[in-house]
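Only one structure is covered here, and it is reproduced in the block below.
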Amino acid sequence: MPISEKAQRAWKAGTAVITTWTAFYGLFYIDYGPHDHVFTDIQRWYRMKLDGLLGIDAKAAKQISNGRENKNNGGIPTVESDSQAQSAAGDINR
C-alpha cells in the first residue's frame with residue numbers, strides 16, 4: 001500500500017527537522033572530551049554568543065566556576081593552565 005503524497009510530505013518535513021536538530025546538537029552541544037577537537041572553536045564562539053545574549057559576564061562565570069571547583073576539591077586551589085600542570089608533573093617525577 002503506497003503512502004499518500006500528503007503523508008510523504010509530512011515524513012520528509014519530519015525527517016528534515018530531526019536531521020537539522022541532530023546536526024545542531026552535535027555541532028554545538030556534544031562534549032567530545034577534554035582535548036581540542038574540530039568543533040572546539042565553533043562551540044566556544046557559540047557559547048560566547050549565547051552568554052552575551054543571556055547577559056552572562058565571562059569573568060563572573062569563571063569566578064563561579066572556579067569557586068565550584070575549589071568547593072569540590074575541599075578548598076584546594078586548582079591548576080589553571082596546562083603549562084603549569086606539566087611543570088607540576090615534572091616536579092613530581094624528579
Side-chain angles (χ1 to χ4, degrees):
M1 177 172 161
I3 299 174
S4 69
E5 287 183 34
K6 192 174 185 179
Q8 286 178 358
R9 274 185 269 142
W11 181 260
K12 286 180 184 179
T15 302
V17 168
I18 290 171
T19 302
T20 303
W21 174 253
T22 303
F24 175 81
Y25 187 81
L27 183 62
F28 294 115
Y29 285 100
I30 291 180
D31 183 12
Y32 293 100
H35 304 291
D36 284 352
H37 49 81
V38 71
F39 300 128
T40 300
D41 293 332
I42 296 170
Q43 288 178 346
R44 280 189 198 132
W45 173 83
Y46 174 75
R47 289 179 184 137
M48 182 182 67
K49 292 296 184 182
L50 186 62
D51 288 349
L53 179 68
L54 296 174
I56 298 172
D57 184 24
K59 286 184 180 181
K62 189 171 184 174
Q63 288 174 347
I64 291 169
S65 176
N66 286 341
R68 286 185 188 154
E69 288 175 5
N70 288 341
K71 192 175 188 181
N72 291 339
N73 292 332
I76 300 169
T78 57
V79 177
E80 291 296 320
S81 69
D82 289 338
S83 61
Q84 290 175 341
Q86 289 173 353
S87 66
D91 292 343
I92 292 171
N93 292 332
R94 290 180 192 168

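Both backbone and side-chain heavy atoms feed into the values below; hydrogens, waters and symmetry mates do not. The residues of the chain are indexed from 1 along the displayed sequence.
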Using the rule that two of Ile, Leu, Val, Met, Phe, Trp, Tyr join whenever any of their side-chain heavy atoms come within less than 4.5 Å, decide whether Ile3 and Ile18 are in one cluster.
-> no

Once the angle between the rings of Phe39 and Tyr32 is folded into 0 to 90°, is it parallel (under 30°), tilted (30 to 60°) or perpendicular (over 60°)?
-> tilted

Would you be so kind as to tabulate the donor-acceptor pairs closer than 3.5 Å made by side chains of residues 42-50, with sequence neighbours excluded?
residue, atom, partner, partner atom, Å
Gln43, NE2, Leu27, O, 3.2
Gln43, NE2, Ile30, O, 3.0
Arg44, NH2, Asp36, OD1, 3.4
Tyr46, OH, Tyr29, OH, 2.8

For Thr19 and Ala16, indicate whether the former's side chain and the latter's backbone hold a donor-acceptor pair under 3.5 Å.
-> no

Shared hydrophobic cluster for Phe28 and Tyr25 (ILVMFWY, side-chain gaps under 4.5 Å) | yes

Salt bridge (Lys or Arg N to Asp or Glu O under 4.0 Å): pairs with one or both residues in residues 4-33, sequence neighbours excluded | none

